[in-house]
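Order of the sequence lines sets the chain letters (A, B, ...), proteins ahead of strands, with each chain counted from 1.
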Amino acid sequence: MSGGTDELAIELREVTRRMGGEYVLRGVNLEVAAGRLVVLRGSNGTGKTTLLRLLATRLRPAGGQAFVFGHDLTRDGAAARARLGLLSVMGGSFPLLTGRENLELAAALAPGPREGAPRSDMAAGGAGFEGPLAGVGLEQAADKLVRTYSSGMKKRLGLARLLLLDPDLWLLDEPYAALDDLGKRLMDECVTAAKARGRTVFMASHESDRDHLGPDAVIELRGGTLRMFGA
Amino acid sequence: MNDLIAALTVARKDFLQELRSRATTVATLFFSAITLVMMAFGLGREPELMRSAAPGVLWVALAFAGVIAAAQSFQADLEEGAFEQLLLLPASRAAIYLGKLAASWLYLFALGVLMVPIALGLYGATAPAGTWWLLGLVLLLGTLGLAIIATFYAGLTANLQAREALLPVLMFPVIVPIMLGAVRATEAALMGSADAPLALSWVQLLGGFDLVYLVVCASIFHFVVDD
(Lines give C-alpha, C1' and ligand atoms only; values in the text may rest on other atoms or scores of the structure.)
Protein backbone atom coordinates (compact mmCIF):
# COMPACT_ATOMS: atom_id res chain seq x y z
CA MET A 1 0.00 0.00 0.00
CA SER A 2 2.95 2.27 -0.38
CA GLY A 3 3.88 4.22 -3.44
CA GLY A 4 3.38 7.73 -4.71
CA THR A 5 5.30 9.47 -1.96
CA ASP A 6 8.31 8.27 -0.01
CA GLU A 7 6.87 9.12 3.39
CA LEU A 8 5.03 6.38 5.21
CA ALA A 9 2.09 7.55 7.29
CA ILE A 10 1.71 4.16 8.97
CA GLU A 11 4.28 1.42 9.35
CA LEU A 12 3.63 -1.71 11.40
CA ARG A 13 6.19 -4.48 11.76
CA GLU A 14 5.10 -7.76 13.34
CA VAL A 15 2.84 -5.92 15.78
CA THR A 16 1.12 -8.02 18.41
CA ARG A 17 -1.36 -7.04 21.08
CA ARG A 18 -3.25 -9.05 23.66
CA MET A 19 -6.61 -8.03 25.06
CA GLY A 20 -8.14 -9.97 27.95
CA GLY A 21 -5.46 -12.64 27.76
CA GLU A 22 -5.96 -13.40 24.06
CA TYR A 23 -3.98 -12.20 21.07
CA VAL A 24 -6.08 -9.77 19.04
CA LEU A 25 -3.24 -8.75 16.74
CA ARG A 26 -0.74 -11.46 15.75
CA GLY A 27 2.24 -10.14 13.88
CA VAL A 28 0.48 -7.43 11.88
CA ASN A 29 2.54 -5.89 9.06
CA LEU A 30 1.31 -2.82 7.23
CA GLU A 31 2.69 0.11 5.25
CA VAL A 32 0.44 3.01 4.25
CA ALA A 33 1.96 5.82 2.23
CA ALA A 34 1.07 9.39 3.14
CA GLY A 35 -1.96 10.75 1.33
CA ARG A 36 -3.71 7.40 0.89
CA LEU A 37 -7.20 6.33 1.83
CA VAL A 38 -7.28 2.83 3.29
CA VAL A 39 -10.40 1.02 4.48
CA LEU A 40 -10.10 -1.63 7.19
CA ARG A 41 -12.80 -4.30 7.24
CA GLY A 42 -13.44 -7.11 9.68
CA SER A 43 -16.20 -8.74 11.69
CA ASN A 44 -17.14 -7.55 15.15
CA GLY A 45 -14.47 -8.33 17.71
CA THR A 46 -11.67 -8.96 15.24
CA GLY A 47 -9.56 -6.10 16.60
CA LYS A 48 -10.25 -3.13 14.31
CA THR A 49 -10.75 -0.72 17.21
CA THR A 50 -7.72 -2.19 18.97
CA LEU A 51 -5.60 -1.52 15.89
CA LEU A 52 -6.89 2.06 15.60
CA ARG A 53 -6.30 2.75 19.31
CA LEU A 54 -2.81 1.32 18.97
CA LEU A 55 -2.12 3.65 16.04
CA ALA A 56 -3.50 6.55 18.11
CA THR A 57 -0.98 5.70 20.90
CA ARG A 58 -3.70 4.74 23.37
CA LEU A 59 -2.56 1.11 23.39
CA ARG A 60 1.03 -0.05 23.38
CA PRO A 61 2.09 -2.94 21.14
CA ALA A 62 2.96 -6.06 23.12
CA GLY A 63 5.48 -6.94 20.44
CA GLY A 64 6.82 -5.57 17.17
CA GLN A 65 7.20 -1.96 16.16
CA ALA A 66 4.68 0.68 15.10
CA PHE A 67 5.42 4.03 13.48
CA VAL A 68 3.30 7.02 12.46
CA PHE A 69 5.12 9.36 10.10
CA GLY A 70 8.36 7.77 11.26
CA HIS A 71 7.68 8.33 14.95
CA ASP A 72 7.98 5.21 17.06
CA LEU A 73 4.65 4.96 18.89
CA THR A 74 6.27 3.36 21.93
CA ARG A 75 9.11 5.84 22.36
CA ASP A 76 7.84 9.00 20.73
CA GLY A 77 4.07 8.93 21.13
CA ALA A 78 3.78 12.69 21.71
CA ALA A 79 5.31 13.48 18.29
CA ALA A 80 2.95 10.99 16.64
CA ARG A 81 -0.07 12.47 18.45
CA ALA A 82 0.77 15.90 17.06
CA ARG A 83 0.08 14.52 13.58
CA LEU A 84 -2.95 12.28 14.07
CA GLY A 85 -6.58 12.49 15.10
CA LEU A 86 -9.05 9.76 16.00
CA LEU A 87 -12.79 9.80 15.48
CA SER A 88 -14.01 7.20 17.96
CA VAL A 89 -17.29 5.29 17.74
CA MET A 90 -18.88 7.41 20.49
CA GLY A 91 -17.51 10.72 19.20
CA GLY A 92 -15.33 11.41 22.25
CA SER A 93 -16.85 14.73 23.35
CA PHE A 94 -17.45 15.97 26.89
CA PRO A 95 -21.21 15.66 27.56
CA LEU A 96 -21.34 18.58 30.00
CA LEU A 97 -19.74 21.03 27.56
CA THR A 98 -21.45 22.55 24.56
CA GLY A 99 -20.41 21.60 21.06
CA ARG A 100 -18.58 24.91 20.68
CA GLU A 101 -16.81 24.51 24.04
CA ASN A 102 -15.63 21.05 23.01
CA LEU A 103 -14.04 22.55 19.90
CA GLU A 104 -12.51 25.42 21.91
CA LEU A 105 -10.95 22.86 24.24
CA ALA A 106 -9.45 20.91 21.35
CA ALA A 107 -8.12 24.06 19.69
CA ALA A 108 -6.51 25.28 22.92
CA LEU A 109 -4.74 21.98 23.54
CA ALA A 110 -3.64 21.32 19.96
CA PRO A 111 -0.69 22.90 18.15
CA GLY A 112 -1.08 25.80 15.73
CA PRO A 113 -2.66 25.40 12.31
CA ARG A 114 -0.73 23.59 9.63
CA GLU A 115 -0.20 24.75 6.11
CA GLY A 116 -3.20 23.95 3.99
CA ALA A 117 -5.40 23.14 6.95
CA PRO A 118 -8.90 24.61 6.95
CA ARG A 119 -8.17 25.92 10.45
CA SER A 120 -5.78 28.45 8.94
CA ASP A 121 -8.64 30.78 8.12
CA MET A 122 -10.25 30.46 11.53
CA ALA A 123 -9.71 32.52 14.61
CA ALA A 124 -8.91 30.46 17.68
CA GLY A 125 -12.23 31.01 19.34
CA GLY A 126 -15.71 32.48 19.15
CA ALA A 127 -17.02 32.80 15.64
CA GLY A 128 -13.96 30.99 14.32
CA PHE A 129 -15.55 27.66 15.11
CA GLU A 130 -18.54 28.30 12.87
CA GLY A 131 -16.76 26.76 9.88
CA PRO A 132 -16.38 23.21 11.18
CA LEU A 133 -19.70 23.36 13.04
CA ALA A 134 -21.54 24.48 9.92
CA GLY A 135 -19.57 21.97 7.89
CA VAL A 136 -21.18 19.14 9.82
CA GLY A 137 -24.60 20.78 10.16
CA LEU A 138 -24.34 21.58 13.87
CA GLU A 139 -24.44 25.39 13.76
CA GLN A 140 -27.93 25.46 15.37
CA ALA A 141 -26.89 23.10 18.18
CA ALA A 142 -23.45 24.58 18.78
CA ASP A 143 -24.36 26.12 22.13
CA LYS A 144 -26.33 23.18 23.48
CA LEU A 145 -24.78 20.69 25.90
CA VAL A 146 -23.48 17.59 24.16
CA ARG A 147 -25.48 15.38 26.55
CA THR A 148 -28.60 16.60 24.73
CA TYR A 149 -27.20 15.49 21.35
CA SER A 150 -28.26 12.32 19.57
CA SER A 151 -25.64 9.68 18.74
CA GLY A 152 -25.42 10.98 15.19
CA MET A 153 -24.90 14.57 16.36
CA LYS A 154 -22.11 13.42 18.69
CA LYS A 155 -20.47 11.70 15.75
CA ARG A 156 -20.80 14.88 13.70
CA LEU A 157 -19.19 16.90 16.50
CA GLY A 158 -16.28 14.47 16.51
CA LEU A 159 -15.98 15.05 12.78
CA ALA A 160 -16.05 18.83 13.35
CA ARG A 161 -13.11 18.43 15.74
CA LEU A 162 -11.19 16.56 13.05
CA LEU A 163 -12.01 19.30 10.54
CA LEU A 164 -10.82 21.94 12.98
CA LEU A 165 -7.52 20.25 13.80
CA ASP A 166 -7.10 18.68 10.36
CA PRO A 167 -4.33 16.26 11.38
CA ASP A 168 -2.08 14.62 8.81
CA LEU A 169 -3.47 11.19 9.68
CA TRP A 170 -7.21 10.71 10.12
CA LEU A 171 -8.09 7.55 12.06
CA LEU A 172 -11.81 6.84 11.74
CA ASP A 173 -13.49 4.10 13.78
CA GLU A 174 -16.83 3.16 12.25
CA PRO A 175 -17.38 6.74 11.06
CA TYR A 176 -20.76 6.00 9.48
CA ALA A 177 -22.26 4.33 12.56
CA ALA A 178 -25.26 6.28 13.96
CA LEU A 179 -25.24 8.74 11.04
CA ASP A 180 -28.31 9.39 8.89
CA ASP A 181 -28.07 9.57 5.10
CA LEU A 182 -27.17 13.27 5.16
CA GLY A 183 -24.56 12.61 7.82
CA LYS A 184 -23.07 9.81 5.73
CA ARG A 185 -22.84 12.12 2.73
CA LEU A 186 -21.14 14.76 4.92
CA MET A 187 -18.67 12.14 6.12
CA ASP A 188 -17.99 11.11 2.52
CA GLU A 189 -17.36 14.73 1.53
CA CYS A 190 -15.02 15.35 4.46
CA VAL A 191 -13.04 12.17 3.79
CA THR A 192 -12.75 12.97 0.09
CA ALA A 193 -11.70 16.56 0.82
CA ALA A 194 -9.14 15.43 3.43
CA LYS A 195 -7.58 13.07 0.91
CA ALA A 196 -7.55 15.85 -1.69
CA ARG A 197 -5.62 18.01 0.82
CA GLY A 198 -3.04 15.26 1.10
CA ARG A 199 -4.18 13.82 4.40
CA THR A 200 -3.94 10.10 5.05
CA VAL A 201 -7.22 8.45 6.01
CA PHE A 202 -7.31 5.05 7.73
CA MET A 203 -10.90 4.00 8.26
CA ALA A 204 -12.42 0.98 9.96
CA SER A 205 -15.86 0.50 8.48
CA HIS A 206 -18.52 -2.13 7.97
CA GLU A 207 -20.09 -0.03 5.21
CA SER A 208 -19.43 -1.87 1.97
CA ASP A 209 -21.44 0.66 -0.03
CA ARG A 210 -18.86 3.46 0.36
CA ASP A 211 -16.77 2.17 -2.53
CA HIS A 212 -17.45 5.40 -4.42
CA LEU A 213 -14.92 7.00 -2.07
CA GLY A 214 -12.31 5.26 -4.19
CA PRO A 215 -10.10 3.82 -1.47
CA ASP A 216 -6.51 3.12 -2.44
CA ALA A 217 -6.78 -0.18 -0.63
CA VAL A 218 -9.26 -2.28 1.31
CA ILE A 219 -7.76 -4.62 3.88
CA GLU A 220 -9.35 -7.12 6.19
CA LEU A 221 -8.41 -7.99 9.74
CA ARG A 222 -9.11 -11.67 10.39
CA GLY A 223 -7.60 -13.98 12.95
CA GLY A 224 -5.30 -11.22 14.16
CA THR A 225 -3.59 -10.66 10.82
CA LEU A 226 -4.22 -8.36 7.88
CA ARG A 227 -4.98 -9.55 4.41
CA MET A 228 -5.63 -7.69 1.20
CA PHE A 229 -9.35 -7.52 0.48
CA GLY A 230 -9.45 -5.40 -2.62
CA ALA A 231 -8.04 -2.23 -4.13
CA MET B 1 3.66 28.75 28.16
CA ASN B 2 1.77 26.14 26.12
CA ASP B 3 1.60 23.89 29.17
CA LEU B 4 0.23 26.73 31.28
CA ILE B 5 -2.51 27.43 28.73
CA ALA B 6 -3.29 23.73 28.49
CA ALA B 7 -3.50 23.39 32.28
CA LEU B 8 -5.78 26.42 32.58
CA THR B 9 -7.97 25.09 29.76
CA VAL B 10 -8.39 21.72 31.49
CA ALA B 11 -9.11 23.44 34.83
CA ARG B 12 -11.74 25.63 33.16
CA LYS B 13 -13.34 22.55 31.62
CA ASP B 14 -13.58 20.85 35.02
CA PHE B 15 -15.11 23.99 36.56
CA LEU B 16 -17.69 24.26 33.78
CA GLN B 17 -18.61 20.60 34.16
CA GLU B 18 -19.03 20.94 37.92
CA LEU B 19 -21.01 24.15 37.53
CA ARG B 20 -23.45 22.29 35.29
CA SER B 21 -23.72 18.97 37.11
CA ARG B 22 -23.11 20.08 40.72
CA ALA B 23 -22.53 16.36 41.41
CA THR B 24 -19.34 16.94 43.40
CA THR B 25 -20.72 19.97 45.24
CA VAL B 26 -23.78 18.14 46.50
CA ALA B 27 -21.86 14.97 47.43
CA THR B 28 -18.93 16.63 49.21
CA LEU B 29 -20.94 19.32 51.00
CA PHE B 30 -23.34 16.85 52.53
CA PHE B 31 -20.65 14.27 53.22
CA SER B 32 -18.36 16.75 54.98
CA ALA B 33 -21.18 18.25 57.01
CA ILE B 34 -22.46 14.81 58.03
CA THR B 35 -18.94 13.72 59.02
CA LEU B 36 -18.57 16.77 61.26
CA VAL B 37 -21.97 16.19 62.90
CA MET B 38 -21.52 12.40 63.35
CA MET B 39 -18.08 12.83 64.89
CA ALA B 40 -19.49 15.47 67.24
CA PHE B 41 -22.07 12.94 68.44
CA GLY B 42 -19.38 10.26 68.74
CA LEU B 43 -17.06 12.38 70.84
CA GLY B 44 -19.62 13.03 73.58
CA ARG B 45 -20.23 16.19 75.55
CA GLU B 46 -16.83 16.91 77.07
CA PRO B 47 -16.09 20.48 75.85
CA GLU B 48 -12.32 20.22 76.10
CA LEU B 49 -12.25 16.94 74.17
CA MET B 50 -14.50 18.47 71.51
CA ARG B 51 -12.27 21.55 71.14
CA SER B 52 -9.11 19.51 70.85
CA ALA B 53 -10.69 17.14 68.30
CA ALA B 54 -11.89 19.95 66.00
CA PRO B 55 -8.73 20.21 63.79
CA GLY B 56 -8.51 16.43 63.30
CA VAL B 57 -12.19 16.00 62.45
CA LEU B 58 -12.07 18.96 60.05
CA TRP B 59 -9.16 17.48 58.08
CA VAL B 60 -10.63 13.98 58.03
CA ALA B 61 -13.82 15.45 56.55
CA LEU B 62 -11.77 17.35 53.94
CA ALA B 63 -9.74 14.23 53.10
CA PHE B 64 -12.92 12.24 52.41
CA ALA B 65 -14.25 15.16 50.36
CA GLY B 66 -10.99 15.15 48.37
CA VAL B 67 -11.50 11.49 47.48
CA ILE B 68 -15.04 12.13 46.29
CA ALA B 69 -14.13 15.27 44.32
CA ALA B 70 -11.20 13.71 42.49
CA ALA B 71 -13.06 10.48 41.68
CA GLN B 72 -16.05 12.44 40.37
CA SER B 73 -13.80 14.65 38.25
CA PHE B 74 -12.40 11.63 36.36
CA GLN B 75 -15.76 9.88 36.23
CA ALA B 76 -17.29 12.83 34.36
CA ASP B 77 -14.40 12.73 31.89
CA LEU B 78 -14.62 9.01 31.19
CA GLU B 79 -18.13 9.22 29.77
CA GLU B 80 -18.32 8.65 26.02
CA GLY B 81 -14.57 8.35 25.62
CA ALA B 82 -13.98 12.07 26.17
CA PHE B 83 -10.93 11.63 28.40
CA GLU B 84 -9.32 9.38 25.79
CA GLN B 85 -9.92 12.10 23.21
CA LEU B 86 -8.32 14.63 25.57
CA LEU B 87 -5.27 12.39 25.85
CA LEU B 88 -5.03 12.20 22.06
CA LEU B 89 -4.46 15.94 21.86
CA PRO B 90 -0.79 16.86 21.93
CA ALA B 91 -0.92 18.52 25.36
CA SER B 92 1.58 17.16 27.86
CA ARG B 93 0.34 14.74 30.50
CA ALA B 94 1.77 17.00 33.20
CA ALA B 95 -0.35 19.91 31.93
CA ILE B 96 -3.50 17.78 31.96
CA TYR B 97 -2.67 16.62 35.50
CA LEU B 98 -1.98 20.18 36.69
CA GLY B 99 -5.25 21.39 35.17
CA LYS B 100 -7.30 18.75 36.92
CA LEU B 101 -5.34 19.35 40.12
CA ALA B 102 -5.97 23.10 39.99
CA ALA B 103 -9.72 22.57 39.68
CA SER B 104 -9.77 20.04 42.55
CA TRP B 105 -7.58 22.24 44.74
CA LEU B 106 -9.65 25.39 44.37
CA TYR B 107 -12.79 23.37 44.92
CA LEU B 108 -11.43 21.74 48.10
CA PHE B 109 -10.13 25.08 49.35
CA ALA B 110 -13.55 26.68 48.91
CA LEU B 111 -15.11 23.73 50.73
CA GLY B 112 -12.55 24.16 53.52
CA VAL B 113 -13.40 27.87 53.85
CA LEU B 114 -17.01 26.83 54.31
CA MET B 115 -16.26 23.98 56.73
CA VAL B 116 -13.84 25.80 59.09
CA PRO B 117 -16.48 28.03 60.74
CA ILE B 118 -18.93 25.11 60.86
CA ALA B 119 -16.34 22.88 62.55
CA LEU B 120 -15.30 25.61 65.00
CA GLY B 121 -18.94 26.33 65.85
CA LEU B 122 -19.92 22.66 66.28
CA TYR B 123 -16.91 21.78 68.42
CA GLY B 124 -16.85 24.95 70.50
CA ALA B 125 -13.42 26.03 69.29
CA THR B 126 -12.46 29.58 68.45
CA ALA B 127 -9.82 31.08 66.21
CA PRO B 128 -8.10 33.94 68.10
CA ALA B 129 -8.03 37.29 66.37
CA GLY B 130 -4.94 37.68 64.25
CA THR B 131 -4.58 33.98 63.39
CA TRP B 132 -7.14 33.81 60.59
CA TRP B 133 -4.41 34.45 58.02
CA LEU B 134 -2.51 31.48 59.45
CA LEU B 135 -5.60 29.28 59.24
CA GLY B 136 -6.03 30.43 55.64
CA LEU B 137 -2.44 29.50 54.83
CA VAL B 138 -2.83 26.06 56.43
CA LEU B 139 -6.06 25.54 54.50
CA LEU B 140 -4.37 26.53 51.21
CA LEU B 141 -1.41 24.19 51.65
CA GLY B 142 -3.35 21.35 53.25
CA THR B 143 -6.02 21.22 50.56
CA LEU B 144 -3.28 21.49 47.91
CA GLY B 145 -1.59 18.40 49.35
CA LEU B 146 -4.86 16.46 49.46
CA ALA B 147 -5.71 17.50 45.88
CA ILE B 148 -2.24 16.50 44.59
CA ILE B 149 -2.57 12.96 45.92
CA ALA B 150 -6.30 12.55 45.26
CA THR B 151 -6.01 13.67 41.61
CA PHE B 152 -3.07 11.36 40.98
CA TYR B 153 -4.69 8.26 42.48
CA ALA B 154 -8.09 9.05 40.96
CA GLY B 155 -6.36 8.98 37.55
CA LEU B 156 -4.68 5.70 38.45
CA THR B 157 -7.92 3.99 39.47
CA ALA B 158 -10.27 5.67 36.99
CA ASN B 159 -10.46 2.68 34.66
CA LEU B 160 -10.67 0.02 37.37
CA GLN B 161 -13.92 -1.66 38.35
CA ALA B 162 -13.25 -1.41 42.09
CA ARG B 163 -12.13 2.23 41.91
CA GLU B 164 -14.42 3.44 44.72
CA ALA B 165 -12.82 0.99 47.15
CA LEU B 166 -9.28 1.23 45.83
CA LEU B 167 -8.94 5.02 45.74
CA PRO B 168 -9.08 5.60 49.52
CA VAL B 169 -7.05 2.44 50.22
CA LEU B 170 -4.24 3.69 47.98
CA MET B 171 -4.53 7.35 48.87
CA PHE B 172 -4.89 7.49 52.64
CA PRO B 173 -1.50 5.99 53.59
CA VAL B 174 0.21 8.50 51.30
CA ILE B 175 -1.57 11.54 52.74
CA VAL B 176 -0.47 10.82 56.33
CA PRO B 177 2.32 13.48 56.25
CA ILE B 178 -0.13 16.03 54.79
CA MET B 179 -2.76 15.23 57.42
CA LEU B 180 -0.19 15.37 60.20
CA GLY B 181 1.12 18.76 59.07
CA ALA B 182 -2.34 20.21 58.46
CA VAL B 183 -3.83 19.02 61.78
CA ARG B 184 -0.84 20.13 63.87
CA ALA B 185 -0.64 23.51 62.12
CA THR B 186 -4.39 24.04 62.61
CA GLU B 187 -4.08 23.13 66.30
CA ALA B 188 -1.23 25.58 66.76
CA ALA B 189 -3.10 28.31 64.89
CA LEU B 190 -6.15 27.83 67.14
CA MET B 191 -3.94 28.25 70.22
CA GLY B 192 -3.34 31.90 69.35
CA SER B 193 -0.44 34.09 68.35
CA ALA B 194 1.83 32.62 71.04
CA ASP B 195 1.94 29.38 69.10
CA ALA B 196 2.24 31.08 65.69
CA PRO B 197 5.94 30.12 65.28
CA LEU B 198 5.04 26.46 65.93
CA ALA B 199 2.21 26.69 63.42
CA LEU B 200 4.57 28.22 60.86
CA SER B 201 7.06 25.40 61.28
CA TRP B 202 4.27 22.89 60.55
CA VAL B 203 3.23 25.04 57.59
CA GLN B 204 6.79 24.86 56.24
CA LEU B 205 6.74 21.09 56.57
CA LEU B 206 3.37 21.01 54.80
CA GLY B 207 4.74 23.18 51.99
CA GLY B 208 7.75 20.88 51.65
CA PHE B 209 5.60 17.77 51.34
CA ASP B 210 3.34 19.54 48.82
CA LEU B 211 6.32 20.45 46.66
CA VAL B 212 7.78 16.93 46.69
CA TYR B 213 4.43 15.29 45.96
CA LEU B 214 3.64 17.81 43.22
CA VAL B 215 6.91 17.26 41.37
CA VAL B 216 6.71 13.46 41.66
CA CYS B 217 3.03 13.17 40.67
CA ALA B 218 3.30 15.59 37.71
CA SER B 219 6.43 13.80 36.48
CA ILE B 220 4.96 10.30 36.50
CA PHE B 221 1.34 11.03 35.59
CA HIS B 222 1.95 9.75 32.05
CA PHE B 223 2.52 6.26 33.50
CA VAL B 224 -0.92 6.54 35.03
CA VAL B 225 -2.89 7.50 31.93
CA ASP B 226 -0.88 5.87 29.14
CA ASP B 227 -0.93 2.15 28.38
Side-chain angles (χ1 to χ4, degrees), chain A residues 17 19 49-50 52-62 73-74 77-98 101-102 104-112 124-125 145-149 151 154-155 157-158 161-162 164-165 167 169 171 173, chain B residues 1-26 72-100 102-103 155 158-161 219 221-227:
Chain A
R17 173 73 202 195
M19 296 295 280
T49 298
T50 299
L52 283 170
R53 293 185 72 217
L54 188 144
L55 287 169
T57 75
R58 293 306 303 139
L59 294 175
R60 187 183 285 257
L73 297 186
T74 306
R81 278 192 294 276
R83 298 192 67 178
L84 64 83
L86 170 70
L87 175 60
S88 61
V89 176
M90 291 185 290
S93 298
F94 290 96
L96 287 168
L97 299 185
T98 66
E101 287 165 351
N102 268 284
E104 284 173 0
L105 180 79
L109 297 181
L145 294 184
V146 170
R147 73 175 171 191
T148 65
Y149 284 17
S151 301
K154 290 172 185 172
K155 186 61 76 70
L157 182 60
R161 183 168 43 243
L162 270 184
L164 177 72
L165 303 177
L169 172 59
L171 299 170
D173 192 1
Chain B
M1 188 59 189
N2 281 344
D3 276 357
L4 180 66
I5 292 170
L8 290 174
T9 303
V10 173
R12 178 178 175 268
K13 170 194 75 67
D14 276 14
F15 273 126
L16 278 177
Q17 290 185 147
E18 179 50 30
L19 209 63
R20 286 162 186 166
S21 77
R22 295 193 180 90
T24 308
T25 307
V26 171
Q72 181 60 39
S73 155
F74 277 92
Q75 205 48 45
D77 281 357
L78 286 173
E79 286 178 43
E80 303 189 15
F83 191 60
E84 177 157 285
Q85 196 61 234
L86 183 71
L87 293 172
L88 284 175
L89 295 168
S92 77
R93 277 37 184 150
I96 292 172
Y97 169 73
L98 291 174
K100 295 196 75 64
N159 283 310
L160 303 178
Q161 281 187 329
S219 306
F221 191 65
H222 63 282
F223 289 120
V224 166
V225 291
D226 286 331
D227 188 39

Looking at OG1 of T9(B) and CG of L105(A), how far apart are the two atoms once the value is rounded to the nearest 0.5 Å? 6.5 Å
Using a cut-off of under 4.5 Å for heavy-atom pairs, which of E79(B), H222(B), R12(B), R93(B) has the most such pairs with chain A? R93(B)
Find the one option among N102(A), V146(A), T57(A), L59(A) whose heavy-atom pairs under 4.5 Å with chain B are most numerous. L59(A)
Minimal non-hydrogen separation, P90(B) against L109(A), with atom names: CD-O, 3.7 Å
Roughly how far apart are R81(A) CZ and L87(B) CG, rounded to 0.5 Å? 8.0 Å
Just how far is it from atom CD of Q17(B) to atom CZ of F94(A), taken to the nearest 0.5 Å? 6.0 Å
Taking only Lys NZ, Arg NE, NH1 and NH2, and the carboxylate oxygens of Asp or Glu, determine whether E84(B) and R53(A) approach each other closer than 4.0 Å. yes
Enter the distance from R20(B):CZ to L97(A):CG here, rounded to the nearest 0.5 Å. 6.0 Å
Tightest non-hydrogen contact, residues L88(B) and A56(A), listed as CD2-O, 3.0 Å
Testing the basics here: between S21(B) and L96(A), what is the closest heavy-atom pair and its distance to 0.1 Å? CB-CD1, 3.7 Å
What distance do K13(B) atom NZ and E101(A) atom CD have between them, rounded to the nearest 0.5 Å? 11.5 Å
Kindly say whether L86(A) contributes a backbone atom to a donor-acceptor pair with the side chain of Q85(B) at under 3.5 angstrom? yes
Do you know which of A78(A), S93(A), S88(A) has the most heavy-atom pairs with chain B at a distance under 4.5 angstrom? S93(A)
